[in-house]
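Throughout, protein chains are lettered first and strands after them, A, B, ... in sequence-line order, and every chain is numbered starting at 1.
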Protein chains: 2
Amino acid sequence: MVQDSIRVLQAQGYKVTKPRRQVLEILEEAEESLSPYDIQRLLRQQGKHLNHVTIYRILDLFCSLNLVHRILLSGGFVKCTLSNKEGCHRFMVCYHCGATQEFVDQQLCLQESKSTQNLGFHTQYHFSESSGLCSACYKKQLQKQEEAQPQSNR
Amino acid sequence: MVQDSIRVLQAQGYKVTKPRRQVLEILEEAEESLSPYDIQRLLRQQGKHLNHVTIYRILDLFCSLNLVHRILLSGGFVKCTLSNKEGCHRFMVCYHCGATQEFVDQQLCLQESKSTQNLGFHTQYHFSESSGLCSACYKKQLQKQEEAQPQSNR
DNA sequence: CCGTAATCGCAACACTGTTGCATTTAAGCT
DNA sequence: AGCTTAAATGCAACAGTGTTGCGATTACGG
Ligand SMILES: [Mn+2]
Ligand SMILES: [Mn+2]
Ligand SMILES: [Zn+2]
Ligand SMILES: [Zn+2]
């Protein structure tokens, strides 16, 4: 919820400005990650106009507060859907439709830390994204394959 | 080894050109990941001169052949140190000295796939980087802390 | 050594991200 | 509601990163 993020801003002493609200709302609606310029375009389509510098600064702030994450595979940003949930926040990114879903897996986190520790590395955080097909796109692809190669038994 | 990479190029029908050799050699020496422009700078210091477009194209090719990987945390490239070893190639990146180390953990890979599958996602590959301190930098930091706060018992 | 497809260099451009400074605005206080 | 002021935004200018088209060069097989 946008409202939750606004409370975090207030709690930390940051102003709740119109540009910040607008960026939050755009990210809230999006299924896929959005680049700063994507955000600018989408807002412009709604008659709202933000300077790209402003968008960069807002995204920096939101990231530092963990209200937003940057997806490295796509270079875009998403609104965090897990609030402050314990453990590192991971992402699945559909390479077909771009849909991005966030999740936490405590066990995975632990095992990952152990692995790197065994190699003499002192991990501060990990950073994990999976690329593949979301269930919707997977089904679509199956259908296509059936059409292309119809009924082997006729 | 650079030689191994050259054999892969030949085996796939790609020419072994001077620029390609030079990029391979630079990456071979490096401890940290290098951006295309880093590579250009380093080569220039050796009196070699490559156009940045050429470097981009060479890196694209190498990545497509898995001779080189892009590190997303730093935006740079490293030479693969594991040849075609089974499983996804992961990275530990020291945020102090930039040293980058590659490793494989089959178990981790499996668990990660299982996790995403349980969420209805069909993973094609994952992408995993850990940020932290390499053992050398970790030791250095411990020493510093001791100096800053000497002998609690005096 | 030659012919040729592959590769490279160059120029021009598009996209992404940053900095400094003047102007505006949110929010706390009368 | 108006006043004050630190925080935030807009603007301009710039730096860094990545891409495209095309003509010139080069690796390599014959
Ligand atoms: Mn999150
Ligand atoms: Mn590798
Ligand atoms: Zn999808
Ligand atoms: Zn280090």
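As judged by a 4.0 angstrom heavy-atom cut-off over every strand, R20(B) is placed among residues touching the sugar-phosphate backbone only. If you check every strand for non-hydrogen atoms under 4.0 Å, Y14(B) touches sugar and phosphate atoms only. Residue R70(A) is classed as a sugar-phosphate contact, given heavy-atom separations below 4.0 Å to backbone atoms only. Among the heavy atoms of the strands lying under 4.0 Å from V16(A) are primed sugar atoms or P, OP1, OP2 only; no base atom is included.
Looking at T116(A) and T123(A), their side chains do bring a donor and an acceptor atom within 3.5 Å of each other.
Residue-to-nucleotide contacts include a donor-acceptor pair under 3.5 Å from the side chain of H52(A) to the base of dT18(C). Interface remark: the R57(B) side chain does form a donor-acceptor pair with the dG9(C) base, using a distance-only criterion of under 3.5 Å.
Taken from CD in E129(A) to CZ in R90(A), the straight-line distance is 11.0 Å, to the nearest 0.5 Å.
Between T17(A) and the phosphate of dT9(D), there is a side-chain N or O to OP1/OP2 separation shorter than 4.0 Å. Put simply, T54(B) has a side-chain N or O that comes within less than 4.0 Å of OP1 or OP2 on dG9(C). Residue Y37(B) places no side-chain N or O under 4.0 Å from the OP1 or OP2 atom of dT17(D).
Among the nucleotides dA27(C), dG18(D), dC11(D), the one closest to any side-chain atom of Y56(B) is dG18(D).
You'll find the ring centres of H52(A) and Y37(A) inside the 6.0 Å limit.
Both V23(A) and L9(A) are members of a single hydrophobic cluster when ILVMFWY side chains are connected at heavy-atom separations under 4.5 Å.
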